[in-house]
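Below, chains carry the letters A, B, ... as their sequence lines are ordered, and counting in each starts from 1. This one's a predicted model, so the numbers in the text were calculated from it and none came from an experiment.
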There are 2 protein chains.
Amino acid sequence: MSASAEKVDVFQAIADPTRREVLRLLAEKELPISAITSHFPISRTAVVKHLHILADADLVTGHKVGREKIYRLHPGPLTEVKQWLSFYEQFWNNKLSMLKHLVETDGDTALTIVQSEPDQTRK
Amino acid sequence: MSASAEKVDVFQAIADPTRREVLRLLAEKELPISAITSHFPISRTAVVKHLHILADADLVTGHKVGREKIYRLHPGPLTEVKQWLSFYEQFWNNKLSMLKHLVETDGDTALTIVQSEPDQTRK
DNA sequence: ATGATATAACACCTTTTGGTTTTATGTAAA
DNA sequence: TTTACATAAAACCAAAAGGTGTTATATCAT
């Protein structure tokens, strides 16, 4: 519920490389707009727009100190991304990923496991 | 190195809700374009564009079988997102996050811990 | 061969995005 | 009280995003 309160999706907020870089900067320490701007080749106005988007996604918060507006990282919403990702981790954590997921979620799957006899041709 | 080979950033690829839904569908099983389209209220052409973006981000692969083009999930590039996220996990895993990160990464930080004298005005 | 199906390739449209410059406002310092 | 600084707000712009419809091509089934 900042100035705009327009609810930006966190996935969209982190889609832009400049905004990700802003988050990285703020991870080190909170910074006023001018300090953030000095790290980029773009105008202050453009940086402010990015900050508003990040604020609307609740990824940063800003508070005024004197004539400066200090922005601070607020990483909470990133948990949504983490949760989303966790669903896909099963697909690279083991080779049987697809099959495993099918078995676990689709009760109607008729899955026949063919148990091979021990190889008696050897020895 | 698909048809377009235009290298789409994975963060941008997953920014769109429709594309995330496509990934979720393909997580269950590989599907032809028509089957994917039937899950959305948008045109086939629009779906194909989303698939191309996902393919350019290497998140899906497509192969032709007869007259159908079958798309399959290829979750590998999501590790990039996971790595990016892991950097920020420290910020919600413990309360001292900001300070801890500063101490660990900035060797030049002159951090003075002011040890207060026991309060002798009391008692 | 013919017709239905599945995709591909275009051309086009509207809204959003990421950027600019300009103008105004509040605060600190001389 | 000027002057400089830091931000805010507004108008504007080009390009990209997300969508549409049309047309063409390849394949499967009759």
Report summary line: Those residues at least two apart in sequence (or on a different chain) that pass side-chain contact (heavy atoms from CB on, under 4.5 Å) with S43(B) are T45(B), A46(B)
Report summary line: Taking dT7(C), dA6(D), dA8(D) as options, the one with an atom nearest any side-chain atom of S34(A) is dA6(D)
Query raised in the report: Counting only N and O atoms by type, is there a donor-acceptor contact under 3.5 Å from the side chain of R20(B) to the main-chain atoms of A15(B)?
Result: yes
Indicate every side-chain donor-acceptor pair of residues 63-71 of chain B with a distance under 3.5 Å to a residue at least two apart or in another chain.
none

So which protein nitrogen or oxygen atoms get under 3.5 Å of nucleotides 16-25 of chain D's nitrogens or oxygens?
from: dA17(D); atom 1: OP1; to: Q12(B); atom 2: NE2; distance (Å): 2.7
from: dG18(D); atom 1: OP1; to: D16(B); atom 2: OD2; distance (Å): 3.1
from: dG18(D); atom 1: OP2; to: R19(B); atom 2: NH1; distance (Å): 3.1
from: dG19(D); atom 1: OP2; to: H50(B); atom 2: NE2; distance (Å): 2.3
from: dG19(D); atom 1: N7; to: K49(B); atom 2: NZ; distance (Å): 3.0
from: dG19(D); atom 1: O6; to: K49(B); atom 2: NZ; distance (Å): 2.1
from: dT20(D); atom 1: OP2; to: S43(B); atom 2: N; distance (Å): 2.8
from: dT20(D); atom 1: OP2; to: S43(B); atom 2: OG; distance (Å): 2.5
from: dG21(D); atom 1: O6; to: T45(B); atom 2: OG1; distance (Å): 3.3

Requested in this report: List in chain and number order the residues that pass side-chain contact (heavy atoms from CB on, under 4.5 Å) with T79(B), two or more places apart in sequence or in another chain; answer none if no residue qualifies.
Outcome: W92(A)
**Report entry** Gap between atoms NE2 and P, on H52(A) and dT17(C) respectively (whole Å)
**Finding:** 15 Å
Report task. Starting from C1' on dT7(C), measure out to CD1 on I33(B) and report it in whole angstrom. Result -> 6 Å
Query - Residues in side chain to side chain donor-acceptor pair (under 3.5 Å) contact with E21(B), at least two apart in sequence or another chain - result: R24(B)
Query raised in the report: For R19(B), does its backbone N or O pair with a side-chain atom of H50(B) as donor and acceptor, under 3.5 Å?
Result: no
Requested in this report: Specify the separation, in whole Å, of atom CD of E68(A) and atom P of dT27(C).
Outcome: 13 Å
Report task. Measure from CG on L51(A) to P on dA9(D) and round the result to the nearest Å. Result -> 14 Å
Query - Separation of dA6(C) P from H63(B) NE2 (nearest whole Å) - result: 16 Å
Requested in this report: Could you check how far CZ of R20(A) sits from C1' of dG18(C), rounded to whole Å?
Outcome: 15 Å
Query raised in the report: Rounding to a whole Å, what distance do you find between E21(A):CD and dG18(C):C1'?
Result: 17 Å
Query - Partner residues of A57(B) under the side-chain contact (heavy atoms from CB on, under 4.5 Å) criterion, sequence neighbours left out - result: V8(B), A13(B), L59(B)
Requested in this report: If a pair satisfies salt bridge (Lys or Arg N to Asp or Glu O under 4.0 Å) and one of its residues is in residues 33-49 of chain B, list it, with sequence neighbours excluded.
Outcome: none
Distances under 3.5 Å between nitrogen or oxygen atoms of protein and nucleotides 26-30 of chain D:
from: dT27(D); atom 1: O2; to: R67(B); atom 2: NH1; distance (Å): 3.2

Could you go through residues 33-41 of chain B and list every donor-acceptor pair under 3.5 Å that involves a side-chain atom there, pairing it with any protein atom two or more places apart or in another chain?
from: T37(B); atom 1: OG1; to: I33(B); atom 2: O; distance (Å): 2.9
from: S38(B); atom 1: OG; to: A35(B); atom 2: O; distance (Å): 2.6
from: H39(B); atom 1: ND1; to: A35(B); atom 2: O; distance (Å): 2.9

